[in-house]
Amino acid sequence: MMILAENLDQFGKDPWWLVLAKVVVIFAFLVVMTLFAIWYERKVVARMQVRPGPNRNGPFGLLQSLADGLKLAFKEDIMPRLADKVVFFFAPVISTICAFTAFSVIPFGPTVSIFGTHSPLQLTDIPVAVLLVLACSSMGIYGVVLGGWASGSTYPLLGGLRSSAQMISYEVAMGLSIVSVFLVAGTMSTSQIVEGQAGNGTVDIGGWNADLPAWYGILLLPSFLIYFTAAVGETNRAPFDLPEAESELVGGFHTEYSSLKFALFFLAEYVNMVTVSGLCTTLFLGGWRAPWPISLWDGANQGWWPVLWFTIKVLLLLFVFVWLRGTLPRLRYDQFMRFGWKVLIPANLIWILSLAGILLTIDSDSLSTGGKIGVSVAIIVAALALGFVAIALSRRNVTVVEMPKAHPGGRVGGGKGFPLPPMNLEVPPSPRAKLVIAEREPVSTGKENS
(Lines give C-alpha, C1' and ligand atoms only; values in the text may rest on other atoms or scores of the structure.)
Protein backbone atom coordinates (compact mmCIF):
# COMPACT_ATOMS: atom_id res chain seq x y z
CA MET A 1 0.00 0.00 0.00
CA MET A 2 2.97 2.34 0.48
CA ILE A 3 3.92 1.94 -3.18
CA LEU A 4 0.36 2.72 -4.16
CA ALA A 5 0.35 5.88 -2.04
CA GLU A 6 3.66 7.06 -3.48
CA ASN A 7 2.53 6.61 -7.07
CA LEU A 8 -0.84 8.27 -6.51
CA ASP A 9 0.87 11.13 -4.70
CA GLN A 10 2.03 12.58 -8.02
CA PHE A 11 -1.55 13.41 -9.04
CA GLY A 12 -3.42 16.52 -7.98
CA LYS A 13 -0.35 18.79 -7.99
CA ASP A 14 -0.59 20.19 -11.53
CA PRO A 15 -1.17 23.94 -12.01
CA TRP A 16 -4.60 25.01 -13.22
CA TRP A 17 -3.44 25.77 -16.75
CA LEU A 18 -1.97 22.27 -17.13
CA VAL A 19 -5.18 20.62 -15.86
CA LEU A 20 -7.18 22.70 -18.35
CA ALA A 21 -4.77 21.77 -21.13
CA LYS A 22 -5.13 18.06 -20.32
CA VAL A 23 -8.92 18.34 -20.39
CA VAL A 24 -8.82 20.06 -23.80
CA VAL A 25 -6.35 17.51 -25.18
CA ILE A 26 -8.44 14.54 -24.00
CA PHE A 27 -11.58 16.11 -25.48
CA ALA A 28 -9.80 16.78 -28.78
CA PHE A 29 -8.32 13.27 -28.80
CA LEU A 30 -11.75 11.67 -28.38
CA VAL A 31 -13.39 13.87 -31.03
CA VAL A 32 -10.60 13.20 -33.53
CA MET A 33 -10.69 9.49 -32.73
CA THR A 34 -14.46 9.51 -33.28
CA LEU A 35 -14.12 11.18 -36.69
CA PHE A 36 -11.32 8.80 -37.60
CA ALA A 37 -13.22 5.73 -36.30
CA ILE A 38 -16.24 6.54 -38.49
CA TRP A 39 -14.02 6.85 -41.58
CA TYR A 40 -12.02 3.82 -40.45
CA GLU A 41 -15.14 1.69 -40.07
CA ARG A 42 -16.59 2.68 -43.44
CA LYS A 43 -13.26 2.11 -45.19
CA VAL A 44 -12.60 -1.29 -43.60
CA VAL A 45 -16.14 -2.56 -44.26
CA ALA A 46 -15.85 -1.31 -47.85
CA ARG A 47 -12.60 -3.22 -48.21
CA MET A 48 -14.30 -6.38 -46.92
CA GLN A 49 -17.14 -5.88 -49.41
CA VAL A 50 -14.76 -5.12 -52.33
CA ARG A 51 -15.85 -1.52 -52.90
CA PRO A 52 -14.02 1.81 -52.57
CA GLY A 53 -15.80 3.40 -49.59
CA PRO A 54 -15.54 7.15 -48.91
CA ASN A 55 -13.03 8.68 -51.33
CA ARG A 56 -14.40 12.10 -52.31
CA ASN A 57 -13.91 14.55 -49.44
CA GLY A 58 -10.24 15.08 -48.65
CA PRO A 59 -7.33 12.72 -49.25
CA PHE A 60 -8.55 9.09 -49.09
CA GLY A 61 -11.95 10.46 -48.00
CA LEU A 62 -10.63 11.44 -44.55
CA LEU A 63 -12.85 14.54 -44.37
CA GLN A 64 -16.07 12.59 -44.98
CA SER A 65 -16.75 12.22 -41.24
CA LEU A 66 -16.23 15.95 -40.71
CA ALA A 67 -18.64 16.70 -43.57
CA ASP A 68 -21.25 14.37 -42.04
CA GLY A 69 -20.83 16.03 -38.64
CA LEU A 70 -21.29 19.53 -40.07
CA LYS A 71 -24.32 18.34 -42.02
CA LEU A 72 -25.94 17.00 -38.83
CA ALA A 73 -25.17 20.21 -36.94
CA PHE A 74 -26.87 22.44 -39.54
CA LYS A 75 -29.89 20.23 -40.25
CA GLU A 76 -33.35 21.20 -39.03
CA ASP A 77 -33.98 20.20 -35.42
CA ILE A 78 -37.39 18.50 -35.19
CA MET A 79 -39.11 18.30 -31.81
CA PRO A 80 -41.93 15.71 -31.53
CA ARG A 81 -45.22 17.19 -30.38
CA LEU A 82 -45.71 14.66 -27.55
CA ALA A 83 -42.08 14.76 -26.35
CA ASP A 84 -41.01 15.89 -22.89
CA LYS A 85 -38.90 18.80 -24.09
CA VAL A 86 -36.57 19.10 -21.07
CA VAL A 87 -35.76 15.40 -20.79
CA PHE A 88 -35.65 15.06 -24.58
CA PHE A 89 -32.93 17.73 -24.67
CA PHE A 90 -30.82 16.48 -21.74
CA ALA A 91 -30.85 12.74 -22.60
CA PRO A 92 -28.14 12.91 -25.33
CA VAL A 93 -26.16 15.35 -23.16
CA ILE A 94 -26.09 12.80 -20.31
CA SER A 95 -24.81 10.03 -22.58
CA THR A 96 -22.13 12.27 -24.12
CA ILE A 97 -20.84 13.70 -20.82
CA CYS A 98 -20.60 10.25 -19.23
CA ALA A 99 -18.73 8.92 -22.27
CA PHE A 100 -16.17 11.74 -22.08
CA THR A 101 -15.78 11.60 -18.28
CA ALA A 102 -14.85 7.92 -18.30
CA PHE A 103 -11.62 8.69 -20.17
CA SER A 104 -10.30 10.97 -17.42
CA VAL A 105 -8.53 8.13 -15.57
CA ILE A 106 -6.99 6.38 -18.60
CA PRO A 107 -3.16 6.79 -18.64
CA PHE A 108 -1.59 7.81 -21.95
CA GLY A 109 2.04 7.58 -20.86
CA PRO A 110 4.59 8.05 -18.05
CA THR A 111 5.69 11.27 -16.39
CA VAL A 112 7.06 13.80 -18.88
CA SER A 113 8.12 17.41 -18.88
CA ILE A 114 5.40 19.77 -20.14
CA PHE A 115 6.71 23.36 -20.43
CA GLY A 116 9.10 22.69 -17.56
CA THR A 117 6.50 21.00 -15.33
CA HIS A 118 6.87 17.27 -14.68
CA SER A 119 3.46 15.64 -14.87
CA PRO A 120 2.07 12.20 -15.79
CA LEU A 121 0.26 11.86 -19.11
CA GLN A 122 -3.03 11.25 -17.31
CA LEU A 123 -5.66 13.68 -16.14
CA THR A 124 -6.14 12.10 -12.72
CA ASP A 125 -6.03 8.78 -10.88
CA ILE A 126 -7.68 7.48 -7.74
CA PRO A 127 -7.44 4.16 -5.84
CA VAL A 128 -10.73 2.99 -7.45
CA ALA A 129 -10.23 4.45 -10.92
CA VAL A 130 -11.58 1.40 -12.77
CA LEU A 131 -14.80 1.60 -10.76
CA LEU A 132 -15.14 5.22 -11.92
CA VAL A 133 -15.15 4.04 -15.55
CA LEU A 134 -17.83 1.45 -14.74
CA ALA A 135 -19.88 4.09 -12.92
CA CYS A 136 -19.72 6.45 -15.92
CA SER A 137 -20.85 3.70 -18.27
CA SER A 138 -23.73 2.92 -15.87
CA MET A 139 -24.81 6.56 -15.84
CA GLY A 140 -24.77 6.62 -19.64
CA ILE A 141 -27.66 4.13 -19.60
CA TYR A 142 -29.89 6.86 -18.17
CA GLY A 143 -29.40 8.93 -21.32
CA VAL A 144 -30.51 6.00 -23.47
CA VAL A 145 -33.63 5.07 -21.52
CA LEU A 146 -34.65 8.71 -20.92
CA GLY A 147 -34.19 9.51 -24.60
CA GLY A 148 -36.51 6.67 -25.55
CA TRP A 149 -39.10 7.60 -22.91
CA ALA A 150 -39.09 11.35 -23.60
CA SER A 151 -39.70 10.89 -27.32
CA GLY A 152 -43.40 10.25 -26.72
CA SER A 153 -43.44 7.39 -29.20
CA THR A 154 -43.84 3.64 -28.79
CA TYR A 155 -40.86 2.41 -30.80
CA PRO A 156 -38.23 4.65 -29.14
CA LEU A 157 -39.60 3.61 -25.73
CA LEU A 158 -39.26 -0.09 -26.61
CA GLY A 159 -35.78 0.56 -28.01
CA GLY A 160 -34.74 2.40 -24.85
CA LEU A 161 -35.99 -0.40 -22.57
CA ARG A 162 -34.32 -3.03 -24.72
CA SER A 163 -31.07 -1.06 -24.78
CA SER A 164 -31.03 -0.50 -21.00
CA ALA A 165 -31.68 -4.20 -20.34
CA GLN A 166 -28.88 -5.15 -22.73
CA MET A 167 -26.35 -2.68 -21.32
CA ILE A 168 -27.09 -3.63 -17.71
CA SER A 169 -26.83 -7.35 -18.47
CA TYR A 170 -23.50 -7.13 -20.23
CA GLU A 171 -22.10 -4.60 -17.78
CA VAL A 172 -22.39 -7.28 -15.08
CA ALA A 173 -20.24 -9.65 -17.15
CA MET A 174 -17.78 -6.87 -17.98
CA GLY A 175 -17.42 -5.91 -14.32
CA LEU A 176 -16.84 -9.51 -13.25
CA SER A 177 -14.13 -9.95 -15.89
CA ILE A 178 -12.14 -7.13 -14.28
CA VAL A 179 -12.16 -8.82 -10.84
CA SER A 180 -9.38 -11.19 -11.94
CA VAL A 181 -7.19 -8.18 -12.79
CA PHE A 182 -7.81 -6.80 -9.30
CA LEU A 183 -6.81 -10.13 -7.75
CA VAL A 184 -3.50 -10.29 -9.64
CA ALA A 185 -2.58 -6.59 -9.61
CA GLY A 186 -3.74 -5.96 -6.05
CA THR A 187 -5.08 -2.51 -6.94
CA MET A 188 -7.87 -0.71 -8.83
CA SER A 189 -5.70 2.23 -9.86
CA THR A 190 -5.20 2.36 -13.64
CA SER A 191 -1.63 3.66 -13.40
CA GLN A 192 -0.73 0.90 -10.93
CA ILE A 193 -2.28 -1.76 -13.17
CA VAL A 194 -0.08 -0.55 -16.04
CA GLU A 195 2.96 -0.69 -13.75
CA GLY A 196 2.06 -4.26 -12.82
CA GLN A 197 2.37 -5.28 -16.48
CA ALA A 198 5.92 -3.94 -16.86
CA GLY A 199 8.69 -6.28 -17.99
CA ASN A 200 8.41 -9.97 -18.78
CA GLY A 201 7.59 -13.03 -16.73
CA THR A 202 9.88 -16.08 -16.68
CA VAL A 203 8.25 -19.51 -16.88
CA ASP A 204 10.17 -22.71 -16.08
CA ILE A 205 8.78 -25.75 -17.95
CA GLY A 206 10.87 -28.89 -17.42
CA GLY A 207 14.11 -26.95 -17.18
CA TRP A 208 13.28 -24.78 -20.21
CA ASN A 209 12.96 -21.11 -19.36
CA ALA A 210 10.70 -18.90 -21.45
CA ASP A 211 10.11 -15.16 -21.20
CA LEU A 212 6.45 -14.25 -21.61
CA PRO A 213 4.94 -10.75 -21.64
CA ALA A 214 3.49 -9.73 -18.32
CA TRP A 215 0.32 -8.52 -20.01
CA TYR A 216 -2.82 -9.63 -18.23
CA GLY A 217 -4.39 -10.32 -21.63
CA ILE A 218 -2.06 -13.35 -21.85
CA LEU A 219 -1.91 -14.34 -18.19
CA LEU A 220 -5.69 -13.88 -17.76
CA LEU A 221 -6.84 -14.86 -21.24
CA PRO A 222 -10.40 -15.95 -20.22
CA SER A 223 -10.99 -12.57 -18.56
CA PHE A 224 -9.68 -10.75 -21.63
CA LEU A 225 -12.01 -12.64 -23.99
CA ILE A 226 -15.04 -12.23 -21.72
CA TYR A 227 -14.31 -8.52 -21.23
CA PHE A 228 -14.10 -7.78 -24.93
CA THR A 229 -17.24 -9.81 -25.71
CA ALA A 230 -19.17 -8.00 -22.98
CA ALA A 231 -17.78 -4.64 -24.17
CA VAL A 232 -19.16 -5.24 -27.66
CA GLY A 233 -22.58 -5.95 -26.16
CA GLU A 234 -22.40 -3.05 -23.71
CA THR A 235 -21.64 -0.55 -26.49
CA ASN A 236 -24.55 -1.78 -28.68
CA ARG A 237 -22.28 -2.79 -31.52
CA ALA A 238 -22.88 -5.47 -34.13
CA PRO A 239 -23.57 -8.36 -33.83
CA PHE A 240 -25.14 -7.16 -30.56
CA ASP A 241 -26.82 -4.00 -31.90
CA LEU A 242 -30.32 -5.11 -30.93
CA PRO A 243 -31.55 -1.66 -29.76
CA GLU A 244 -31.04 -0.36 -33.30
CA ALA A 245 -32.71 -3.29 -35.08
CA GLU A 246 -34.27 -1.44 -37.99
CA SER A 247 -36.42 -4.42 -38.96
CA GLU A 248 -38.05 -4.49 -35.52
CA LEU A 249 -37.77 -1.08 -33.83
CA VAL A 250 -37.04 1.31 -36.72
CA GLY A 251 -33.88 3.05 -35.43
CA GLY A 252 -34.11 2.24 -31.73
CA PHE A 253 -34.16 4.73 -28.87
CA HIS A 254 -33.00 7.67 -31.04
CA THR A 255 -35.64 7.30 -33.77
CA GLU A 256 -37.21 10.70 -33.05
CA TYR A 257 -33.89 12.54 -32.71
CA SER A 258 -32.43 14.72 -35.44
CA SER A 259 -29.76 17.34 -36.06
CA LEU A 260 -27.27 17.99 -33.24
CA LYS A 261 -29.10 15.83 -30.67
CA PHE A 262 -28.76 12.77 -32.89
CA ALA A 263 -25.11 13.71 -33.47
CA LEU A 264 -24.53 13.65 -29.69
CA PHE A 265 -25.92 10.10 -29.44
CA PHE A 266 -23.78 9.13 -32.42
CA LEU A 267 -20.74 10.73 -30.77
CA ALA A 268 -21.43 8.98 -27.44
CA GLU A 269 -21.52 5.57 -29.13
CA TYR A 270 -18.14 5.97 -30.79
CA VAL A 271 -16.58 7.60 -27.71
CA ASN A 272 -17.77 4.58 -25.73
CA MET A 273 -16.02 2.35 -28.25
CA VAL A 274 -12.79 4.30 -27.74
CA THR A 275 -13.26 4.26 -23.95
CA VAL A 276 -13.76 0.49 -23.63
CA SER A 277 -10.84 -0.03 -26.04
CA GLY A 278 -8.65 2.28 -23.95
CA LEU A 279 -9.69 0.53 -20.74
CA CYS A 280 -9.03 -2.87 -22.35
CA THR A 281 -5.58 -1.64 -23.40
CA THR A 282 -4.89 -0.43 -19.86
CA LEU A 283 -6.12 -3.57 -18.09
CA PHE A 284 -4.99 -6.34 -20.43
CA LEU A 285 -2.55 -5.09 -23.09
CA GLY A 286 0.09 -3.34 -21.02
CA GLY A 287 -1.38 0.15 -21.32
CA TRP A 288 1.00 2.65 -22.86
CA ARG A 289 3.98 0.28 -22.68
CA ALA A 290 5.56 -0.76 -25.97
CA PRO A 291 4.96 -4.32 -27.20
CA TRP A 292 7.74 -6.77 -27.91
CA PRO A 293 10.14 -6.44 -29.78
CA ILE A 294 9.85 -2.63 -29.61
CA SER A 295 10.23 -2.90 -25.84
CA LEU A 296 13.85 -4.07 -26.36
CA TRP A 297 14.68 -0.45 -27.22
CA ASP A 298 15.58 1.40 -24.00
CA GLY A 299 13.74 4.59 -24.98
CA ALA A 300 10.52 2.91 -26.09
CA ASN A 301 8.72 3.56 -22.78
CA GLN A 302 10.12 7.04 -22.19
CA GLY A 303 9.07 10.49 -23.32
CA TRP A 304 6.15 10.84 -25.73
CA TRP A 305 6.59 7.51 -27.52
CA PRO A 306 4.13 5.66 -25.21
CA VAL A 307 1.28 7.83 -26.57
CA LEU A 308 1.90 6.26 -29.98
CA TRP A 309 1.90 2.69 -28.62
CA PHE A 310 -1.32 3.37 -26.70
CA THR A 311 -3.04 4.81 -29.79
CA ILE A 312 -1.96 1.87 -31.97
CA LYS A 313 -3.38 -0.64 -29.48
CA VAL A 314 -6.69 1.26 -29.34
CA LEU A 315 -6.89 1.32 -33.15
CA LEU A 316 -6.28 -2.43 -33.31
CA LEU A 317 -9.14 -3.03 -30.88
CA LEU A 318 -11.37 -0.71 -32.93
CA PHE A 319 -10.49 -2.80 -35.96
CA VAL A 320 -11.87 -5.86 -34.15
CA PHE A 321 -15.14 -3.94 -33.57
CA VAL A 322 -15.37 -3.22 -37.30
CA TRP A 323 -14.30 -6.75 -38.20
CA LEU A 324 -17.13 -8.22 -36.14
CA ARG A 325 -19.64 -5.88 -37.75
CA GLY A 326 -18.59 -6.86 -41.26
CA THR A 327 -18.52 -10.60 -40.50
CA LEU A 328 -21.21 -11.76 -38.07
CA PRO A 329 -25.00 -11.52 -38.45
CA ARG A 330 -27.16 -9.93 -35.79
CA LEU A 331 -28.29 -12.24 -32.99
CA ARG A 332 -31.91 -12.66 -31.97
CA TYR A 333 -32.69 -10.80 -28.76
CA ASP A 334 -33.53 -13.85 -26.62
CA GLN A 335 -30.35 -15.60 -27.81
CA PHE A 336 -28.33 -12.52 -27.00
CA MET A 337 -29.68 -12.15 -23.45
CA ARG A 338 -29.37 -15.88 -22.80
CA PHE A 339 -25.72 -15.75 -23.88
CA GLY A 340 -25.00 -12.97 -21.40
CA TRP A 341 -26.77 -14.38 -18.36
CA LYS A 342 -26.23 -18.12 -18.86
CA VAL A 343 -22.79 -18.22 -20.48
CA LEU A 344 -20.66 -15.14 -19.76
CA ILE A 345 -21.61 -14.58 -16.12
CA PRO A 346 -21.30 -18.26 -15.00
CA ALA A 347 -18.02 -18.57 -16.92
CA ASN A 348 -16.77 -15.45 -15.12
CA LEU A 349 -17.69 -16.79 -11.70
CA ILE A 350 -16.04 -20.15 -12.36
CA TRP A 351 -12.87 -18.47 -13.65
CA ILE A 352 -12.67 -16.12 -10.64
CA LEU A 353 -13.09 -19.09 -8.27
CA SER A 354 -10.33 -21.00 -10.06
CA LEU A 355 -7.97 -18.02 -10.14
CA ALA A 356 -8.47 -17.27 -6.45
CA GLY A 357 -7.69 -20.90 -5.58
CA ILE A 358 -4.59 -20.91 -7.79
CA LEU A 359 -3.27 -17.65 -6.29
CA LEU A 360 -3.85 -18.97 -2.78
CA THR A 361 -1.97 -22.15 -3.67
CA ILE A 362 0.97 -20.29 -5.21
CA ASP A 363 1.33 -18.05 -2.14
CA SER A 364 1.38 -21.07 0.17
CA ASP A 365 4.82 -21.95 1.59
CA SER A 366 3.87 -25.42 2.80
CA LEU A 367 3.69 -27.00 -0.68
CA SER A 368 6.46 -27.92 -3.07
CA THR A 369 6.53 -26.78 -6.69
CA GLY A 370 5.03 -30.07 -7.90
CA GLY A 371 2.38 -29.93 -5.20
CA LYS A 372 1.40 -26.37 -6.20
CA ILE A 373 1.05 -27.40 -9.85
CA GLY A 374 -1.02 -30.44 -8.86
CA VAL A 375 -3.34 -28.42 -6.63
CA SER A 376 -3.75 -25.76 -9.33
CA VAL A 377 -4.69 -28.37 -11.94
CA ALA A 378 -7.13 -29.97 -9.48
CA ILE A 379 -8.79 -26.60 -8.84
CA ILE A 380 -9.20 -25.94 -12.57
CA VAL A 381 -10.66 -29.42 -13.17
CA ALA A 382 -13.07 -29.04 -10.23
CA ALA A 383 -14.20 -25.63 -11.46
CA LEU A 384 -14.80 -26.94 -14.99
CA ALA A 385 -16.74 -29.91 -13.60
CA LEU A 386 -18.84 -27.50 -11.53
CA GLY A 387 -19.56 -25.48 -14.67
CA PHE A 388 -20.66 -28.53 -16.66
CA VAL A 389 -22.91 -29.66 -13.80
CA ALA A 390 -24.50 -26.20 -13.62
CA ILE A 391 -25.14 -26.19 -17.38
CA ALA A 392 -26.66 -29.67 -17.24
CA LEU A 393 -28.95 -28.73 -14.34
CA SER A 394 -30.05 -25.52 -16.07
CA ARG A 395 -30.99 -27.48 -19.18
CA ARG A 396 -32.76 -30.13 -17.14
CA ASN A 397 -34.94 -27.63 -15.30
CA VAL A 398 -36.05 -25.77 -18.40
CA THR A 399 -39.77 -26.04 -19.00
CA VAL A 400 -40.79 -25.80 -22.62
CA VAL A 401 -44.03 -23.85 -22.98
CA GLU A 402 -46.01 -24.22 -26.16
CA MET A 403 -46.68 -20.76 -27.55
CA PRO A 404 -50.14 -20.32 -29.03
CA LYS A 405 -49.98 -19.97 -32.75
CA ALA A 406 -51.52 -16.76 -33.94
CA HIS A 407 -53.02 -16.63 -37.37
CA PRO A 408 -51.20 -14.05 -39.50
CA GLY A 409 -53.39 -11.01 -39.64
CA GLY A 410 -55.30 -11.95 -36.49
CA ARG A 411 -56.50 -9.22 -34.15
CA VAL A 412 -57.00 -8.91 -30.40
CA GLY A 413 -60.54 -8.05 -29.42
CA GLY A 414 -62.33 -8.79 -32.64
CA GLY A 415 -62.05 -7.69 -36.22
CA LYS A 416 -61.29 -4.04 -35.37
CA GLY A 417 -58.87 -4.73 -32.51
CA PHE A 418 -55.11 -4.33 -32.29
CA PRO A 419 -53.22 -6.38 -34.92
CA LEU A 420 -51.57 -9.47 -33.43
CA PRO A 421 -48.24 -10.56 -34.94
CA PRO A 422 -47.50 -14.27 -35.51
CA MET A 423 -46.05 -15.81 -32.34
CA ASN A 424 -44.32 -18.75 -34.01
CA LEU A 425 -41.71 -16.51 -35.69
CA GLU A 426 -42.81 -17.71 -39.10
CA VAL A 427 -43.05 -15.30 -41.98
CA PRO A 428 -46.73 -14.93 -42.94
CA PRO A 429 -47.76 -15.42 -46.53
CA SER A 430 -47.73 -12.40 -48.78
CA PRO A 431 -51.03 -10.47 -48.64
CA ARG A 432 -50.79 -9.64 -52.32
CA ALA A 433 -53.31 -11.29 -54.57
CA LYS A 434 -52.18 -14.01 -56.91
CA LEU A 435 -51.19 -12.98 -60.39
CA VAL A 436 -54.06 -13.61 -62.79
CA ILE A 437 -53.44 -13.43 -66.52
CA ALA A 438 -56.50 -12.04 -68.27
CA GLU A 439 -57.13 -13.00 -71.86
CA ARG A 440 -57.79 -10.17 -74.24
CA GLU A 441 -61.06 -10.13 -76.11
CA PRO A 442 -60.93 -9.87 -79.90
CA VAL A 443 -61.30 -6.33 -81.15
CA SER A 444 -64.43 -5.69 -83.21
CA THR A 445 -63.66 -4.05 -86.60
CA GLY A 446 -67.29 -3.61 -87.77
CA LYS A 447 -66.89 -5.90 -90.80
CA GLU A 448 -68.80 -8.70 -89.11
CA ASN A 449 -72.11 -6.78 -89.43
CA SER A 450 -71.50 -6.17 -93.13
Item to check | F284 and F228 aromatic centres sub-6.0 Å | outcome: no
Next on the checklist: Can you give me the closest heavy-atom contact between S223 and S177, atom names plus distance?
Outcome noted: CB-O, 3.4 Å
Checklist entry - Taking the six-membered ring for Trp, is the centroid-to-centroid distance between F103 and F27 below 6.0 Å? => result no
Checklist entry - Are any side-chain N or O atoms of K261 and backbone N or O atoms of H254, one a donor and one an acceptor, separated by less than 3.5 Å? => result no
Next on the checklist: How close do V144 and S163 get, counting heavy atoms only, and between which atoms?
Outcome noted: CG1-OG, 3.2 Å
Checklist entry - Between the main-chain N or O of M33 and the side-chain N or O of Y40, is there a donor-acceptor pair closer than 3.5 Å? => result no
Checklist entry - Going from CH2 on W288 to CD1 on I312, what distance comes out if it is rounded to the nearest 0.5 angstrom? => result 15.5 Å
Next on the checklist: I need the Y227 OH to E234 CD distance, nearest 0.5 Å.
Outcome noted: 8.5 Å
Checklist entry - Does T96 use its side chain to pair, donor to acceptor, with the backbone of L264 at less than 3.5 Å? => result yes
Item to check | Contacts of type ring pair (Phe, Tyr, Trp, His ring centres under 6.0 Å), residue Y142, not counting sequence neighbours | outcome: none
Item to check | Expected output: side-chain N301 to main-chain A290 donor-acceptor under 3.5 Å | outcome: yes
Checklist entry - So which of L285, L221, L220, L283 actually passes side chain to side chain contact (heavy atoms under 4.5 Å, CB included) with W215? => result L285
Checklist entry - So, S65 side chain and W39 main chain: donor-acceptor pair closer than 3.5 Å or not? => result yes
Next on the checklist: Under a plain distance cut-off of 3.5 Å, with no hydrogens placed, do E269 and N236 share a side-chain donor-acceptor pair?
Outcome noted: no
Item to check | Side-chain donor or acceptor of S259 paired with backbone N/O of K75 under 3.5 Å | outcome: yes
Item to check | Under 3.5 Å side-chain donor-acceptor pair for Q122 and T190 | outcome: yes
Item to check | Flag, side chain of Q197 to backbone of T282, donor-acceptor distance under 3.5 Å | outcome: yes
Checklist entry - Ignoring hydrogens and geometry, is there a side-chain-to-backbone donor-acceptor pair from T235 to V232 under 3.5 Å? => result yes
Checklist entry - How long is the gap from CZ on F310 to CG on L121, to the nearest 0.5 Å? => result 11.0 Å
Checklist outcome for this item: dist R51:CZ -> R42:CZ (nearest 0.5 Å) comes out at 8.5 Å
Checklist entry - Which of these passes side chain to side chain contact (heavy atoms under 4.5 Å, CB included) with F36: V31, V274, L315? => result L315
Next on the checklist: Does either side chain, that of S119 or that of T117, offer a donor lying less than 3.5 Å from an acceptor on the other one?
Outcome noted: no
Checklist entry - Do F321 and Y270 have ring centroids that are under 6.0 Å from one another? => result no
Checklist entry - Which heavy-atom pair separates I114 from W17 by the least distance, and what is that distance? => result O-CH2, 4.0 Å
Checklist outcome for this item: Closest non-hydrogen atoms of P346 and W341, given as atom of the first, atom of the second and distance, are CD-O, 3.3 Å
Checklist outcome for this item: Heavy atoms of C136 and C98 approach each other most closely as O-CB, 3.4 Å
Checklist entry - Is there a donor-acceptor pair closer than 3.5 Å between any side-chain N or O of Q64 and the backbone N or O of G53? => result no
Item to check | Results of salt bridge (Lys or Arg N to Asp or Glu O under 4.0 Å) for E41 - residues two or more places apart only | outcome: R237, R325
Next on the checklist: Determine whether a donor-acceptor pair (N or O, by modelled atom type, separation under 3.5 Å) exists between the side chain of Y216 and the backbone of F224.
Outcome noted: no
Item to check | Flag side-chain contact, heavy atom, 4.5 Å: P110 against P306 | outcome: yes
Item to check | Closest non-hydrogen atom pair between S113 and W304, with its separation | outcome: O-CZ2, 4.4 Å
